[in-house]
Protein chains: 2
Amino acid sequence: MNVTAFKRRKEFGKTLASDIAHRMRSEIVSCGLKPGEVLKFDALRLSYGASFTTLREALTNLVAEGLVVAEEQRGFKVAPVSIADLIDLTRARILIDVDLIRRSIENGGDDWEIAVISSIHRLGIIEGRAVEDYADNPEWKVAHREFHESLVGACGSPTLLGIRQSLFERAERYRNISARLRPRPRDKVGEHRALMKAAIGRDADRACELIARHIQTTTDNVVKYASELFSDS
Amino acid sequence: MNVTAFKRRKEFGKTLASDIAHRMRSEIVSCGLKPGEVLKFDALRLSYGASFTTLREALTNLVAEGLVVAEEQRGFKVAPVSIADLIDLTRARILIDVDLIRRSIENGGDDWEIAVISSIHRLGIIEGRAVEDYADNPEWKVAHREFHESLVGACGSPTLLGIRQSLFERAERYRNISARLRPRPRDKVGEHRALMKAAIGRDADRACELIARHIQTTTDNVVKYASELFSDS
DNA sequence: CTGCCCTTGATTTTCGAAAATACTAGCTCT
DNA sequence: AGAGCTAGTATTTTCGAAAATCAAGGGCAG
């Protein structure tokens, strides 16, 4: 007889802790959990229905990703946002993305080209469906992330890919903050297409310049439209 | 009356978990815990005298640093070593260190110069005391780490500094592996001094070239003398 | 004899209570 | 009145047992 009838539902990952980490990550990135907010275990226990220990493990993982900060013996809080942090983050992301795209262009074979083309194609379909504010669409966010991941997918550096992913997620929170205030979304379609063309055309210098500007422009927009929300104004 | 009489001894950090993480980190880096070794909780409980939960938290932290790998539902093991990993790591370290040294040279003020000079001076004193195999000396390792940290200390990027520290630690394990096999330690005194001079003299291009070569040379030596120890030989 | 399923044992993961620590407020002494 | 101490409360951290999951060995059908 099957004993898994009462098994807890685990949507992402095999363990409850990784599932909760996933949910909290979404909440933090979408600012459902506000920057700087203190995370008390009793409250979290109610929200997520897990015990101290399990929550603690989930939080520890998020600390490693920079979405939560821990002060020993004084609990956890959602990582605050600030212009200084955004600028720091942006510079780190440009440094790493530029290097990884260059390496991908050097190493990438047929599979890589196919992945890049298919991911930008998917992005185009989603953008075509809802021309207005596609950037708020969660589906677009996934496709957007996957396009950028495909560009660096052939770099051959697991270490930097892991770091890149974590920085991308931290940046996503800033993108979400600015999306609420920005008058209308910037049109990124052209930028993405140019990036794809430079990558497939093996024009490394141009691709690097484009990705650097792409990341920097997004940050500049965030600063422009959301700076009053930040603690260091 | 003071109630701390029975307080557990915590050498590093305030919590037991961070203390244990610190001890395990040392053990892994020094290969007292061998690469690839599976870490069973029952065994760890005996070695470190802590409970499941506390050990789990310590391990989770080490996973984030890349010194331990976790397979969900299948436990933890010490991160394996391989030439591929070492090469990947080296390339990442060069990318980041080069950038951070350049920025430090741009931003660094008097305090930075003083920190660089004082840390290389301390390194020189230790090297002078035991001319032979100073690289095995734990005191030298600390001074060596602090010298390299001082070089990038004025970069102004907390994010990349944190990443840099974690990569440095991962690399230290490879340095330790090769130290046991290497006929005699390479003479790094001159390299460090040249680095210091280029940094203080604000010659960014030269400092970047020197640091890149410094890191690359160390890796080349590890590969040369220890490659047969690695799984991917 | 071979392959599949189920039981059994080992190991990890989760839980909530108990201990340790930090914070708050009220009191005393100067 | 103000500073420093003390007791009480809130919160985090740690523990070991209990539940869930995985891995291996034995029995049964084909």
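Each chain gets a letter, A, B and so on, in the order its sequence line appears, and its residues count up from 1. The model shown is predicted, which means the values in this text are computed figures rather than measured ones.
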- Between dC15(C), dT13(C), dT13(D), which nucleotide has the shortest distance from any of its atoms to the side chain of Ala50(A)? dC15(C)
- Side chain of Ala17(B): nearest nucleotide among dC15(C), dT11(D), dT14(D)? dT14(D)
- Message: Looking only at side-chain N and O atoms, does Thr159(A) offer a donor or acceptor that is under 3.5 Å from a partner on Arg91(B)?
- Response: no
- Note on the structure: Between Arg45(A) and Lys40(B), whichever has its closest DNA chain C nucleotide further toward 5' is Lys40(B)
- Message: Do Glu72(A) and Ser18(B) pair up side chain to side chain, a donor and an acceptor below 3.5 Å, judged on atom types alone?
- Response: yes
Using a cutoff of under 3.5 Å, can you pull out all pairs of nitrogen or oxygen atoms linking the protein to nucleotides 22-24 of chain C, with atom names and distances?
from    : atom 1 : to       : atom 2 : distance (Å)
dC23(C) : OP1    : Arg74(A) : NE     : 2.9
dC23(C) : OP1    : Arg74(A) : NH1    : 3.1

- Identify, with sequence neighbours excluded, every residue that meets salt bridge (charged side-chain N to carboxylate O under 4.0 Å, His left out) alongside Glu57(B). Arg56(A)
- How would you list all residue pairs meeting salt bridge (charged side-chain N to carboxylate O under 4.0 Å, His left out) that involve residues 26-41 of chain B, not counting sequence neighbours? none
- Can you tell me how far P of dA20(D) sits from CG of Asp19(A), to the nearest Å? 16 Å
- Query: Which pairs with one or both residues in residues 146-156 of chain B pass salt bridge (charged side-chain N to carboxylate O under 4.0 Å, His left out), sequence neighbours excluded?
  - Reply: Arg145(B)-Glu149(B)
- Rounded distance in Å - CG (Leu44(A)) to C1' (dG16(C)): 16 Å
- Assess Arg23(A) against Tyr48(A): is NZ or CZ under 6.0 Å from the centre of the six-membered ring, and within 45 degrees of the ring's axis? no
- Query: Which whole-number value in Å describes the distance from Phe41(B) CZ to dC15(D) P?
  - Reply: 13 Å
- Apply ring pair (Phe, Tyr, Trp, His ring centres under 6.0 Å) to Phe147(A) and list each qualifying residue two or more places apart in sequence or on a separate chain. His192(A)
- Query: Once you round it to whole Å, what is the distance between C1' of dC22(D) and CD of Glu71(B)?
  - Reply: 12 Å
- Query: Contacts to DNA chain D from residues 51-63 of chain B, heavy-atom cutoff under 4.0 Å, which residues?
  - Reply: Ser51(B), Phe52(B), Thr53(B), Thr54(B)
- Exactly one of Ile94(A), Leu86(A), Ile83(A), Leu89(A) clears side chain to side chain contact (heavy atoms under 4.5 Å, CB included) with Thr219(A), and that residue is Leu86(A)
